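See structure below.
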Amino acid sequence: MVTAAIGGVTSIGWLLLLMAPWRFWSTRERLEPGEEGLADSRGVGVLIPARNEADQIERTLRSLGRQGSRLKVVLVDDQSLDGTAERARKVAGIDLEIIVGKPLPPGWSGKLWALEQGRLRFESETILLVDADIELAPGMVSALWWKLRGERVDLASVMAELRTESAGERLLAPAFVYFFKLLYPFSLGNNPKQRRGVAAGGCVLVKRDTLERIGGFAALKGALIDDCTLAQRIKDHGGATWVGLSHGVRSHRPYPRLQDFWDMVARNAFTQLRYSPVLLLAATFTMLTFFWGPWAGLLSGSKRLRAVGLIGAASMTATYLPMVRFYGLPAWRALTLAPVSLLYLLMTWTSAFRYWQGRRAEWRGRTYKS
């Protein structure tokens, strides 16, 4: 009886969520590469933090060389041990400056410390922050430039399209973006009347004076979820932001094994819960009941509850379908949301256990202590 009741309540919840005006599940917030050229290429500078990115950096730099403007690119080599800088120097056709990163000071995350060192090298109107594994399609910088100007925002960012080459990537990558948008609805972040800050850190165009006004990256310092923290700081100072999806911004970070993707999510999943055991238990209860409740309703002995469960399961599947389609995957994968949610819950528990063991986060060979 309790199981059936949970199924009924969660089914109604999914229906309401599907109809909610902020439409977290929608892929309508989009920005694809444009044909318009930059009004002035000196208006954009590119800043890349890189730590042990020798396998990815050349592709990223070559994509910047295809943007139709000779952009100034500053790469901060953050104590790499794999020859990242040497690989970067092999790329021709770009105005590249490489900065040897200084040792990480206490209280900083590696990425933010690299960005803080690099931002001081620019006099451009805007700075494009690009992760070292990101490939930009031709015209993408132009599209971001015009989005920033057209929307009159201080920051415009794009959630990178993740790889879907391995079986694990096809199973987990669309859900990663789906859960991010569930926690941080793009439409709320894009609404200047909403104070919720939302951004995607792989590709961010930000006004340089806005960045200086908030105190640079020192204002974020130890944040591990740095993208949304940056957007929040900008909104707190009266600015506006925009975030969306694109096929023109692609991450080539490989996750060939399930363990690779698992480690990526576990890196900061517990951070989302502010390292709170209470919130972890609440999230566990919510995810188990919310994603499995409708299916429990379908197994109920009551025809009425089975009908409600069917509505709930259909509504839940409908919220996942747009993301599955965005990734070009078959529609039947939208039915996998419940079991995938269980995997993400286990990743969150892994993140919590690592935190309790004294490892706040691990990334690119660097461990952040609790």
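Given the structure is predicted, the values throughout are model-derived calculations rather than measurements.
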Can you tell me if S80 uses its side chain to pair, donor with acceptor, with the backbone of D77 under 3.5 Å?
no
Judged by atom type as modelled, is there a donor-acceptor pair below 3.5 Å linking the side chain of K72 to the main-chain atoms of S124?
no
Look at the side chain of R233 and the backbone N and O of A219, then say whether any donor-acceptor pair between them is shorter than 3.5 Å.
yes
Indicate yes or no for a side-chain donor-acceptor contact from T289 to the backbone of T286 under 3.5 Å, with no hydrogens or angles considered.
yes
Candidate pair L71 and V141, rule side-chain contact (heavy atoms from CB on, under 4.5 Å), full reasoning:
CA-CA 10 Å; L71 302 167; V141 173; 4.2 Å; yes
Indicate yes or no: does R253 engage E53 in a salt bridge with an N to O separation below 4.0 Å.
yes
Less than 4.5 Å apart, side chain to side chain, heavy atoms only: is that true for V204 and L155?
yes
Answer yes or no: is there a donor N or O on one side and an acceptor on the other, between the side chain of E29 and the main chain of G244, under 3.5 Å?
no
Separation between CG of D227 and OG of S157, rounded to the nearest 0.5 Å
7.5 Å
May I ask whether M264 and Y327 are part of the same hydrophobic cluster, defined by side-chain heavy atoms of I, L, V, M, F, W, Y residues being less than 4.5 angstrom apart, directly or through others?
yes
On a heavy-atom basis, which atom in T27 and which in R30 lie closest, and how many Å separate them?
O-CG, 2.8 Å
For the residue pair Y275 / T271, report whether a side-chain donor-acceptor contact shorter than 3.5 Å exists.
yes
Side-chain donor or acceptor of W113 paired with backbone N/O of P103 under 3.5 Å
yes
If I take atom CD1 from residue I225 and atom CG from residue L220, how far apart are they, to the nearest 0.5 angstrom?
12.5 Å
Could you state whether I311 and M19 fall into the same hydrophobic cluster, counting links through intermediate Ile, Leu, Val, Met, Phe, Trp or Tyr residues with side-chain heavy atoms under 4.5 angstrom apart?
yes
Looking only at heavy atoms, what is the nearest atom pair of T164 and A173, with distance?
CG2-CB, 4.1 Å
Under 4.5 Å between side-chain heavy atoms, counting indirect links through other Ile/Leu/Val/Met/Phe/Trp/Tyr residues: same cluster for F290 and L346 or not?
yes
Tell me, do T241 and V153 make a side-chain contact under 4.5 Å, heavy atoms counted?
no
If every non-hydrogen atom of V324 is compared with every non-hydrogen atom of A331, which pair is closest and at what distance?
CG1-CA, 4.4 Å
Any sub-3.5 Å donor-acceptor pair from Y255's side-chain atoms to G168's backbone N or O?
no
When every non-hydrogen atom of T350 is compared with those of W262, the smallest separation belongs to OG1-NE1, 3.0 Å
Centroid separation under 6.0 Å, is that true for the rings of W356 and F270?
yes
Give me each pair satisfying side-chain hydrogen bond (donor to acceptor under 3.5 Å, both in side chains) with a member in residues 187-209, each pair once, sequence neighbours excluded.
R208-E212
Quick one: do L96 and L75 satisfy side-chain contact (heavy atoms from CB on, under 4.5 Å)? Show the steps, please.
CA-CA 7 Å; L96 177 65; L75 186 149; 4.1 Å; yes
Taking S166 for its side chain and E169 for its backbone only, find out whether a donor-acceptor pair lies under 3.5 Å.
yes
To the nearest 0.5 Å, atom NZ of K111 lies from atom CG of D78 at 11.5 Å
Begin from the C-alpha positions of W25 and L17 and carry the test side-chain contact (heavy atoms from CB on, under 4.5 Å) through to its verdict.
CA-CA 9 Å; W25 45 267; L17 199 56; 5.9 Å; no
Determine, step by step, whether V76 and L47 satisfy the side-chain contact (heavy atoms from CB on, under 4.5 Å) criterion, reporting the C-alpha distance in whole Å, the side-chain angles of both residues, the deciding distance to 0.1 Å, and the verdict.
CA-CA 8 Å; V76 181; L47 176 54; 3.9 Å; yes
Just checking, is any N or O donor in the side chain of W349 or T284 under 3.5 Å from an acceptor N or O on the other one?
yes
Hey, are the side chains of L104 and Q79 touching, using non-hydrogen atoms and a 4.5 Å cut-off?
no
With side chains defined as the heavy atoms from C-beta onward, is the minimum distance between P254 and R163 less than 4.5 Å?
yes
Give the minimum heavy-atom separation between G118 and I99, together with the two atoms involved.
CA-CD1, 4.2 Å
Stepwise, does the side chain to side chain donor-acceptor pair (under 3.5 Å) test hold for E32 with S246?
CA-CA 5 Å; E32 299 300 345; S246 179; 3.2 Å; yes
Side-chain contact test, heavy atoms from C-beta onward, threshold under 4.5 Å: evaluate it for I57 versus L61 and give yes or no.
yes
Side chains of L298 and L310 in contact at under 4.5 Å (non-hydrogen atoms):
yes
If you group Ile, Leu, Val, Met, Phe, Trp and Tyr by side-chain heavy-atom gaps below 4.5 Å, do W295 and L15 land in one group?
no
Taking all non-hydrogen atoms of both residues into account, name the closest pair between L188 and K235 and its distance.
O-NZ, 3.5 Å
Does L81 reach the side chain of N52, with side-chain heavy atoms less than 4.5 Å apart?
yes
T348 (side chain) donor-acceptor with Y344 (main chain) under 3.5 angstrom
yes
Check whether the side chains of T229 and D226 place a donor and an acceptor atom closer than 3.5 Å, and report yes or no.
no
The reported gap from CD1 in I48 to CG in L64 (rounded to nearest 0.5 angstrom) is 5.0 Å
Residues at least two apart in sequence or cross-chain that pass side-chain hydrogen bond (donor to acceptor under 3.5 Å, both in side chains) with E135, listed by chain then number, are R66, H252
Sequence neighbours left out, cut at 3.5 Å: what donor-acceptor pairs do the side chains of residues 176-183 make with other protein atoms?
residue, atom, partner, partner atom, Å
Y178, OH, T319, OG1, 2.8
K181, NZ, F24, O, 2.5
K181, NZ, S26, O, 2.7

Can you tell me how far apart CE (M140) and CG (L128) are? Round to the nearest 0.5 Å.
9.5 Å
Could you grab the distance from atom CG of L162 to atom CZ of R170, nearest 0.5 Å is fine?
14.0 Å
Going by distance alone, is a donor N or O of one side chain under 3.5 Å from an acceptor N or O of the other, for Y184 and Q272?
yes
Check: R89 and I98 side chains under 4.5 Å, non-hydrogen atoms:
yes
With hydrophobic residues grouped by side-chain heavy-atom distances under 4.5 Å, do L337 and I12 end up in a single group?
no
Ion pair check, R59 and D133, cut-off under 4.0 Å
no
Is there a donor-acceptor pair under 3.5 Å between the side chain of D154 and the backbone N or O of A240?
yes
